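Keep in mind it's a predicted model, so treat the numbers as computed, not measured. Chain letters run A, B, ... following the sequence lines, proteins first and then strands; every chain starts at 1.
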Protein chains: 2
Amino acid sequence: MRQQLQHIREQLANAGLKATQQRMVVYHTLLETMHMHPTAENIYEHVKPENPSISLGTIYKTLDTLVACGLATRVSTASGYMRYDANMDRHNHIYCANTREIIDYHDAALDEIVQAYFERKNIPNLKITNIHVQINGDRIDPEQRIHIQE
Amino acid sequence: MRQQLQHIREQLANAGLKATQQRMVVYHTLLETMHMHPTAENIYEHVKPENPSISLGTIYKTLDTLVACGLATRVSTASGYMRYDANMDRHNHIYCANTREIIDYHDAALDEIVQAYFERKNIPNLKITNIHVQINGDRIDPEQRIHIQE
DNA sequence: ATCGCTGCAAAGGTTTTGCAACGAG
DNA sequence: CTCGTTGCAAAACCTTTGCAGCGAT
């Protein structure tokens with residue numbers, strides 16, 4: 001955790017950015033709550049108790065900054081809310097329509113199959129940067145968590 | 001095209017909805033501009049010259065209606081804008097980062113592979129309703145269209 | 001004629017912006 | 001000390017809503 005803060009500091013320095021309290025806190029929170037793909041508002045509420053003077057505008061600016069320097073990404077939604085993800089490992093998302101969750105889905109075998117498919121396919125005039133499989137569905141039992149085994 | 005308007009009329013009737021001028025025009029435009037996955041604003045601008053009295057609020061309400069009765073879907077974006085798609089055939093999307101386009105990508109073989117994969121996989125407590133492959137990339141030559149051959 | 005739908009304008013919610021004060025390097 | 005960053009509040013956006021009047025059935 002001290003190590004993680006050090007890591008954050010380095011990443012920001014590499015991008016030529018100051019390691020301010022606010023950035024440290026926001027990025028740390030984003031890492032902590034990564035699995036829920038929070039909105040700016042979510043992070044604000046999470047951070048405010050221990051940082052009462054932080055402003056929502058700063059959260060937005062910081063998230064933009066993190067995305068710009070490759071420490072986070074925006075998550076595609078059809079909901080109108082912007083959600084953020086600090087998990088930069090190659091992974092896919094399960095979208096639960098009934099619970100509105102977005103669940104990480106790591107699956108190297110799937111990624112391999114899909115990537116191989118597109119290498120064979122070769123779409124002209126397109127340089128593919130990344131492929132993302134969006135699994136839409138519903139939790140059958142909304143009380144029970146979805147647990148993924150590779 | 002007359003046939004298409006008839007089809008629209010039937011679909012609306014089936015859903016217990018009145019076939020108003022506005023709905024006909026909006027849906028017709030959405031079908032015509034399907035390939036560009038327009039925003040509500042896009043449709044408004046497209047429609048206004050020939051329907052000066054139509055309001056943007058009506059466009060939004062109509063798009064909601066079309067989505068609710070299964071004639072259109074919302075397209076996932078990481079941009080904050082809501083985009084709509086009247087193409088209800090099973091298909092995927094190519095997201096061009098440099099041109100901001102969303103291009104339809106039909107590929108039955110890919111769909112087959114992915115679907116078979118998840119049938120084998122069976123994620124516990126999840127009922128999959130649909131799987132969507134998002135191909136992110138850049139046009140190499142922004143002047144030249146991307147043309148897909150199956 | 002009825003009741004659902006439209007147009008308008010106002011409100012709502014999220015995200016961005018401008019600028020003086022602040023603080024990390 | 002300097003210049004990038006923050007906090008605040010206002011503005012800019014996109015989308016939704018309320019309601020009187022209109023029009024499809």
Result block: side-chain N/O donor-acceptor pairs under 3.5 angstrom for residues 48-55 of chain B, not counting sequence neighbours:
| unit_1 | atom_1 | unit_2 | atom_2 | d |
| --- | --- | --- | --- | --- |
| B:N51 | ND2 | B:V47 | O | 3.0 |
| B:S55 | OG | B:T58 | N | 3.3 |
| B:S55 | OG | B:T58 | OG1 | 3.2 |

Tell me, do A:T62 and A:L30 make a side-chain contact under 4.5 Å, heavy atoms counted? no
Separation of C:dG23 atom P from A:N51 atom CG, nearest Å, is 14 Å
Would you say the side-chain atoms of A:N14 pair up with the backbone N or O of A:Q11, donor to acceptor, closer than 3.5 Å? no
Can you list the steps and then say if B:H37 with B:D104 is a side-chain contact (heavy atoms from CB on, under 4.5 Å)? CA-CA 9 Å; B:H37 309 91; B:D104 284 338; 2.8 Å; yes
Walk along DNA chain D from 5' to 3' and tell me the first and last nucleotide with an atom closer than 4.0 Å to a non-hydrogen atom of chain B. D:dC14 to D:dT25
Taking atom CZ of B:R90 as the centre, report whether more than 12 heavy atoms of other residues, nucleotides or ligands fall under 6.0 Å from it. yes
Can you tell me how far apart OG1 (B:T20) and CG (B:L12) are? Round to the nearest 0.5 Å. 7.5 Å
Side-chain contact, heavy-atom cut-off 4.5 Å: B:L126 with A:I135? yes
Please produce a list of atom pairs where a protein N or O lies less than 3.5 Å from an N or O of nucleotides 14-18 of chain C.
| unit_1 | atom_1 | unit_2 | atom_2 | d |
| --- | --- | --- | --- | --- |
| C:dT15 | OP1 | A:M82 | N | 3.0 |
| C:dT15 | OP2 | A:Y60 | OH | 2.2 |
| C:dT15 | O5' | A:Y60 | OH | 3.2 |
| C:dG18 | O6 | A:K61 | NZ | 3.0 |

Any salt bridge between B:R74 and B:D64, counting N to O under 4.0 Å? yes
Rest of the hydrophobic cluster containing B:Y81 (Ile/Leu/Val/Met/Phe/Trp/Tyr, side-chain heavy atoms under 4.5 Å)? none
Five-pair end axes of the helix from C:dA1-D:dT25 to C:dG25-D:dC1 and the angle they enclose, rounded to 10°: 40°
Side-chain heavy atoms of A:I146 within contact of A:C96, under 4.5 Å: yes
Could you walk me through whether B:Y95 and A:H132 pass side-chain contact (heavy atoms from CB on, under 4.5 Å), step by step? CA-CA 11 Å; B:Y95 289 72; A:H132 183 252; over 6 Å; no
Can you list, by residue number, the residues of residues 17-27 of chain B that have a non-hydrogen atom closer than 4.0 angstrom to DNA chain C? B:L17, B:K18, B:T20, B:Q22, B:R23
Specify whether B:H106 and B:H91 have parallel, tilted or perpendicular ring planes, treating 30° as the upper limit for parallel and 60° as the lower limit for perpendicular. parallel
